[in-house]
2 protein chains.
Amino acid sequence: MKAHSPHSGPHQPAFRRQEPDARRLALIEACARVLARLGAAGASVRAIAVEAGVSPGLVSHYFSGIEALVAATYAHVEDKVNEAIDEAVNAAGQNPRARLDAFVMASFAPAIADPQLLATWIAFWSLVTARPAIAAQHDEQYSGSRARLEALLGDCGVPAERQRRDAIAVSALVDGLWLELCLSPGCFSAEEAGAIARRFLDTLI
Amino acid sequence: MKAHSPHSGPHQPAFRRQEPDARRLALIEACARVLARLGAAGASVRAIAVEAGVSPGLVSHYFSGIEALVAATYAHVEDKVNEAIDEAVNAAGQNPRARLDAFVMASFAPAIADPQLLATWIAFWSLVTARPAIAAQHDEQYSGSRARLEALLGDCGVPAERQRRDAIAVSALVDGLWLELCLSPGCFSAEEAGAIARRFLDTLI
DNA sequence: CCCGTTGTTGTACGATCGTCCAACAAGCAA
DNA sequence: TTGCTTGTTGGACGATCGTACAACAACGGG
């Protein structure tokens with residue numbers, strides 16, 4: 001059934017070796033695509049291997065198990081989201097308030113407030129309660145995100161003693177709007193969510 | 001191995017028949033306990049049947065599948081949460097603002113901001129994207145919750161044209177705080193969450 | 001050219017999954 | 001008591017799961 005005969009013509013490799021880091025990344029991106037397409041329930045070793053174009057055994061070779069792959073995928077997707085947000089913030093110029101607005105509005109952009117992206121979060125959240133290592137990873141990524149928000153708030157003149165509380169508040173409001181935007185896309189629009197968030201920022205600054 | 005011999009003494013029934021509604025409820029409550037203990041990944045038909053003290057076949061007899069049982073469990077748990085919130089609201093007396101505060105604070109009570117309770121939401125959310133019927137159920141429960149919030153806001157003097165937007169905002173803030181309270185219980189306290197939410201309400205009224 | 005390293009394959013394995021259904025028995029009516 | 005209704009059992013079934021491992025082959029150094 002193979003497209004080429006092993007006994008005639010130039011030998012076409014059945015697979016290509018890759019550096020461990022490149023293969024790890026390919027598996028992570030395949031996992032993200034499977035989570036987006038099939039949801040948390042469909043993210044099996046075999047489905048991810050097919051998506052990545054490799055054999056099932058390779059997943060076990062690079063990750064201790066499905067949970068580790070999901071955790072790595074969450075970290076990678078969140079990194080990319082933070083990258084997109086930082087890019088939006090920097091594109092907003094130097095006005096502190098404009099940068100803060102950009103931070104908030106970026107969370108509601110179509111590429112981020114995406115139901116398919118939510119699947120990665122849900123798969124990760126489902127592991128937080130039971131696995132202490134996953135909980136620690138969540139704490140770390142959450143406080144990292146909050147720290148960047150505190151800095152933006154500080155630039156807007158929010159006094160230091162209020163930065164922590166206000167960052168928690170803004171983060172919660174944005175996440176709550178983002179979550180509902182993913183779960184019920186027809187209920188309210190991204191523009192509406194942005195207006196709500198901006199209005200809340202007005203009360204803090 | 002049975003505790004009694006089928007050939008001696010009074011006959012002890014091997015099981016008791018129950019009315020369909022009672023059995024449905026028992027299975028739903030067993031499903032909620034399994035979700036709390038094992039998370040979404042461990043909520044199998046067999047585990048739920050063991051928890052309910054029935055045979056595995058009974059689950060299929062009352063529900064078309066695991067997904068239907070999870071959806072029914074979500075509806076039931078949300079009903080109980082709404083009941084607890086309504087109770088807190090009514091216990092707050094007649095002052096509209098006190099009732100609104102009670103609504104918000106109840107969401108952060110230990111029984112509701114509970115990581116084990118979050119497992120039910122996560123199991124349900126993981127089905128929203130793929131299953132239109134589940135998405136419709138979520139829309140319905142979300143708008144119901146928002147309608148009660150709109151009424152409370154109206155009692156506090158929020159004009160009608162702002163009720164929808166403010167209810168979306170309060171709901172998002174409370175849900176975001178609740179979610180983070182469940183995922184990272186050590187990051188901030190329920191009192192802090194309540195203070196943040198109350199401060200936000202101050203800006204709306 | 002050949003050889004060793006090692007990334008990769010493919011499969012076998014046992015466990016567990018959801019579903020199904022014929023047989024059983026609890027409880028009510030007669 | 002007897003018979004009927006039907007809630008309930010418990011195992012069979014095929015599919016799919018995660019994991020492990022021996023064999024294979026790509027590729028660089030000799």
Side-chain angles (χ1 to χ4, degrees), chain A residues 1-7 10-27 30-31 34-35 38-73 123 126-127 130-131, chain B residues 1-2 4-7 10-28 30-31 34-35 38-73 123 126-127 130-131:
Chain A
M1 270 304 192
K2 292 191 176 178
H4 69 282
S5 162
H7 299 304
H11 183 60
Q12 176 179 333
F15 62 91
R16 275 186 296 180
R17 302 175 78 135
Q18 266 178 268
E19 293 185 359
D21 285 345
R23 196 61 99 176
R24 269 183 65 94
L25 184 60
L27 288 171
C31 180
V34 170
L35 281 170
L38 304 176
S44 68
V45 169
R46 284 171 177 82
I48 294 166
V50 168
E51 178 70 32
V54 300
S55 77
L58 206 59
V59 175
S60 298
H61 187 257
Y62 281 103
F63 296 92
S64 64
I66 276 284
E67 296 185 358
L69 176 52
V70 168
T73 301
S126 72
L127 304 174
R131 317 286 166 178
Chain B
M1 266 307 189
K2 292 192 177 178
H4 68 282
S5 163
H7 299 304
H11 183 60
Q12 175 178 333
F15 62 90
R16 275 185 295 179
R17 303 174 77 133
Q18 267 179 263
E19 292 185 0
D21 285 346
R23 198 60 102 175
R24 268 184 67 93
L25 183 61
L27 287 171
I28 284 171
C31 179
V34 170
L35 281 170
L38 304 176
S44 68
V45 169
R46 284 170 177 81
I48 294 166
V50 169
E51 177 70 31
V54 300
S55 77
L58 206 58
V59 174
S60 298
H61 187 256
Y62 281 104
F63 296 92
S64 65
I66 275 285
E67 296 185 357
L69 175 52
V70 168
T73 301
S126 72
L127 304 174
R131 317 285 166 179

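Numbers restart at 1 for each chain; the letters A, B, ... are given by sequence-line order, proteins then strands. Just so it is clear, the model here is predicted, and its values are computed rather than measured.
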Trainee: Which residue, B:Arg16 or B:Ala41, contacts DNA chain C at a nucleotide closer to its 5' end, judged by nearest heavy atom?
Mentor: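 Whichever sits nearer the 5' end wins; that is B:Ala41.
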Trainee: What pairs with A:Ala40 under side-chain contact (heavy atoms from CB on, under 4.5 Å), at least two apart in sequence or on another chain?
Mentor: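 Only A:Ala123 meet the side-chain contact (heavy atoms from CB on, under 4.5 Å) criterion with A:Ala40.
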Trainee: So which atom in B:Ala49 and which in B:Val59 form the shortest heavy-atom distance, rounded to 0.1 Å?
Mentor: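 For B:Ala49 and B:Val59, the tightest heavy-atom pair comes out as CB-CG2, 4.4 Å.
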Trainee: Need one value for B:Glu19: base, sugar-phosphate or nothing, where a base atom within 4.0 Å counts as base even if backbone is also close, heavy atoms only.
Mentor: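 B:Glu19: no heavy atom of the nucleic acid under 4.0 Å.
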Trainee: Please collect all salt bridge (Lys or Arg N to Asp or Glu O under 4.0 Å) contacts where either partner lies in residues 45-61 of chain A, sequence neighbours excluded, each pair once.
Mentor: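 Residue pairs with at least one partner in residues 45-61 of chain A: A:Arg33-A:Glu51, A:Arg37-A:Glu51.
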Trainee: So, using side-chain contact (heavy atoms from CB on, under 4.5 Å) as the criterion, who are the partners of B:Ala26 when residues are at least two apart?
Mentor: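 side-chain contact (heavy atoms from CB on, under 4.5 Å) list for B:Ala26, sorted by chain: empty.
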Trainee: Just jot down the side-chain contact (heavy atoms from CB on, under 4.5 Å) partners of A:Glu67, sequence neighbours excluded, or say none.
Mentor: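 Only A:Leu127, A:Arg131 meet the side-chain contact (heavy atoms from CB on, under 4.5 Å) criterion with A:Glu67.
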Trainee: Rounded to the nearest Å, what distance is computed from the CG atom of residue B:Leu58 to the C1' atom of nucleotide C:dT19?
Mentor: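 About 14 Å, once rounded to whole Å.
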Trainee: Quick one: side-chain contact (heavy atoms from CB on, under 4.5 Å) partners of B:Ser126, sequence neighbours excluded?
Mentor: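 Scan of B:Ser126 (side-chain contact (heavy atoms from CB on, under 4.5 Å), adjacent residues dropped) gives A:Ile122.
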Trainee: Can you tell me if A:Tyr62 touches the phosphate of C:dT8, counting only side-chain N or O atoms and a distance under 4.0 Å to OP1 or OP2?
Mentor: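 For C:dT8, OP1 or OP2 has a side-chain N or O of A:Tyr62 closer than 4.0 Å.
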Trainee: Does any pair with a residue in residues 52-66 of chain B pass salt bridge (Lys or Arg N to Asp or Glu O under 4.0 Å), and if so which ones, sequence neighbours excluded?
Mentor: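 The answer is none; no pair qualifies.
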Trainee: Within less than 4.0 Å of OP1 or OP2 of C:dG7, is there a side-chain N or O belonging to A:Arg23?
Mentor: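 Answer no for this pair, as no side-chain N or O of A:Arg23 is under 4.0 Å from OP1 or OP2.
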Trainee: Let me check I have this right: for DNA chain C, each base becomes ., (, ), [, ] or |, based on Watson-Crick or G-U pairs with both distances under 3.5 Å. What is the full string?
Mentor: ..||||||||||||||||||||||||||||
Trainee: Rounded to whole Å, please give me the gap between CG in A:Leu27 and P in C:dT9.
Mentor: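 Whole-Å distance recorded here is 10 Å.
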Trainee: Hey, mind stepping through B:Leu69 and B:Val45 against side-chain contact (heavy atoms from CB on, under 4.5 Å) and telling me if it holds?
Mentor: CA-CA 9 Å; B:Leu69 175 52; B:Val45 169; over 6 Å; no
Trainee: Using a strict heavy-atom distance below 4.0 Å, which residues from residues 44-57 of chain B are in contact with DNA chain C?
Mentor: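 Within residues 44-57 of chain B, the residues near DNA chain C are B:Ser44, B:Val45, B:Arg46, B:Gly57.
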Trainee: Quick one: B:Glu67 CD to C:dG18 P, roughly how many Å, whole number?
Mentor: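 In whole Å, C:dG18 P and B:Glu67 CD are 10 Å from each other.
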